[in-house]
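Before any comments, here is the structure.
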Amino acid sequence: MAFGLYLLRRVATGIPLILGVTFISFLLMVYFGPDMTFELVGKNPTAEQIAQVRAQLGYDQPFLVRYWQYLVELATLDLGRSISTGESVRSLLAETVPVSMALTLPGFVLGNLLGIALALLAAWFRGGWIDRGIMAFSVIGMSISFLIIIIAFQVFFSSRYGLNYFPVRGWDMRSLGSYLYYVTVPTLAIVFVSLGYNTRFYRAVFVEEIGRDHIRTARAFGAGPVAILGKYVLKNSLIPIITRIMFSIPSIVIAGSLLIESYFGIPGVGKLAYDAVTTGDQPVLKAVVGATALLFVVVLILNDMLYRAVDPRVALK
């Protein structure tokens with residue numbers, strides 16, 4: 001009963017967030033987005049033709065009416081049709097979201113796991129050459145533009161000027177072998193960039209935890225690094241780790257990686273959103289923004305539940 005009330009309160013607190021994000025994004029799209037009327041009416045349109053197209057697009061309706069219709073579309077998952085292609089927006093998301101997840105998930109997982117491992121190593125040897133070397137690598141990963149990393153990896157792994165082992169562009173998930181063939185270079189690029197940010201973040205968390213009294217006591221009683229790092233440091237740092245991972249999920253599921261998808265020619269949701277921006281395809285943009293807001297609220301709820309699971313001291317308030 002208590003957990004049910006807690007969950008209901010968390011959902012209720014997420015509603016203003018959804019309304020706020022969707023309202024602001026809808027306001028920007030309506031008043032600052034491109035007007036598709038004259039791209040659809042053709043040359044030399046009459047006033048009646050213009051009015052008819054504006055009515056079809058819903059431009060003739062008051063703002064609040066259009067916003068309410070947008071909320072109804074999100075609630076019912078009836079997201080309309082793309083202005084550019086005429087396809088169902090729900091179908092477009094169903095096709096592109098799995099591609100973006102399959103593209104970014106390996107790099108996301110490896111970037112976090114390797115970041116945690118390197119951060120533990122750097123924190124344990126804080127101030128030594130291992131720590132300085134890991135932090136120097138992190139700074140390099142954070143300093144170089146993601147675009148430069150993508151181009152460099154394409155040249156090194158996918159061109160005749162380098163190893164020429166992997167394709168420059170394209171996507172194929174019909175088999176595990178073809179999937180690995182196409183996802184390897186994007187994954188390496190994502191890992192290289194994310195590793196720098198992740199390592200620095202996790203190292204700061206672990207260094208703070210290693211400096212606590214109970215860790216010093218355990219070391220004084222002869223506990224080894226594996227026991228200390230695994231049993232105490234990592235376990236006691238789960239809440240900030242969970243927070244960083246969970247709040248990255250919306251960008252993985254919905255936003256994808258626009259640069260990766262564009263430069264590797266991968267038909268993910270990030271490229272879909274970019275094409276929608278350039279063409280003024282408001283139904284697609286509204287769906288992506290709304291889905292991101294909804295997913296963010298779900299992540300907030302799951303994040304709190306995981307807090308409770310890893311640390312029972314976190315009360316259901």
Side-chain angles (χ1 to χ4, degrees), residues 95-123 125 128-204 241 244-245 248-275 277-278:
E95 294 172 0
T96 55
V97 169
V99 171
S100 290
M101 291 181 64
L103 169 67
T104 56
L105 193 58
F108 174 74
V109 173
L110 290 174
N112 278 282
L113 291 178
L114 291 175
I116 290 173
L118 290 176
L120 285 171
L121 191 62
F125 294 102
W129 65 269
I130 294 179
D131 181 26
R132 290 195 295 269
I134 292 174
M135 288 300 98
F137 174 78
S138 299
V139 170
I140 293 173
M142 296 170 60
S143 303
I144 303 177
S145 167
F146 194 18
L147 177 59
I148 300 299
I149 296 298
I150 292 173
I151 295 174
F153 276 48
Q154 280 183 324
V155 171
F156 183 76
F157 291 104
S158 307
S159 75
R160 60 187 179 88
Y161 300 104
L163 300 178
N164 199 22
Y165 286 163
F166 301 96
V168 176
R169 295 175 62 83
W171 186 251
D172 188 356
M173 292 179 59
R174 289 176 294 182
S175 67
L176 179 60
S178 61
Y179 169 65
L180 294 176
Y181 182 59
Y182 283 96
V183 81
T184 297
V185 179
T187 296
L188 291 175
I190 294 172
V191 169
F192 187 88
V193 173
S194 64
L195 199 56
Y197 294 95
N198 290 337
T199 303
R200 290 186 67 86
F201 174 83
Y202 293 136
R203 177 189 178 276
I241 291 174
R244 182 170 181 83
I245 292 175
S248 301
I249 290 177
S251 64
I252 298 298
V253 177
I254 299 296
S257 180
L258 176 58
L259 286 174
I260 287 286
E261 293 174 7
S262 298
Y263 274 83
F264 286 93
I266 299 172
V269 70
K271 190 173 185 302
L272 177 70
Y274 174 77
D275 292 340
V277 170
T278 57

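When a residue number appears, it is its place in the shown sequence, counting from 1. Hydrogens, waters and symmetry mates are skipped; everything else that's a heavy atom, side chains included, is used.
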Name all residues meeting the ring pair (Phe, Tyr, Trp, His ring centres under 6.0 Å) criterion together with [X]; count only those two or more places apart in sequence or in a different chain, and write none if there are none.
X	value
Phe125	none
Phe157	Phe153
Tyr182	none

Pairwise distance [atom1]([X]) to [atom2]([Y]) - rounded to 0.5 angstrom:
X	Y	atom1	atom2	value
Met173	Leu180	CE	CG	10.5 Å
Thr199	Leu121	OG1	CG	10.5 Å
Ser194	Asn112	OG	CG	7.0 Å
Glu261	Thr96	CD	OG1	8.0 Å
Tyr202	Leu114	OH	CG	11.0 Å
Leu147	Ile260	CG	CD1	10.0 Å

Over 60° means perpendicular and under 30° means parallel, so tell me whether Phe166 and Tyr181 are parallel, tilted or perpendicular.
tilted

Using side chain to side chain donor-acceptor pair (under 3.5 Å), reason through Asn198 and Arg244 one step at a time and then give a plain yes or no.
CA-CA 9 Å; Asn198 290 337; Arg244 182 170 181 83; 2.9 Å; yes

Determine whether Asp131 and Arg203 make a side-chain contact, defined as any pair of heavy atoms from C-beta on separated by less than 4.5 Å.
yes

Would you say the side chain of Trp171 lies within less than 4.5 Å of the side chain of Pro186, judging by non-hydrogen atoms?
no

Would you confirm whether the ring centroid of Phe137 sits within less than 6.0 angstrom of the ring centroid of Phe192?
yes

For [X] versus [Y], what's the shortest heavy-atom pair and its separation?
X	Y	value
Val168	Gln154	O-NE2, 3.3 Å
Gly265	Arg169	CA-NH2, 3.2 Å
Ala189	Ile150	CB-CG1, 4.5 Å
Val183	Ala102	CG2-O, 3.8 Å
Ser158	Asn164	O-OD1, 3.6 Å
Ser138	Arg200	CB-CG, 3.7 Å

Is it the case that over 12 heavy atoms from other parts of the model lie below 6.0 angstrom from the OH atom of Tyr274?
no

Pair Phe108-Ile190, side chain to side chain contact (heavy atoms under 4.5 Å, CB included): steps then yes or no
CA-CA 7 Å; Phe108 174 74; Ile190 294 172; 5.7 Å; no

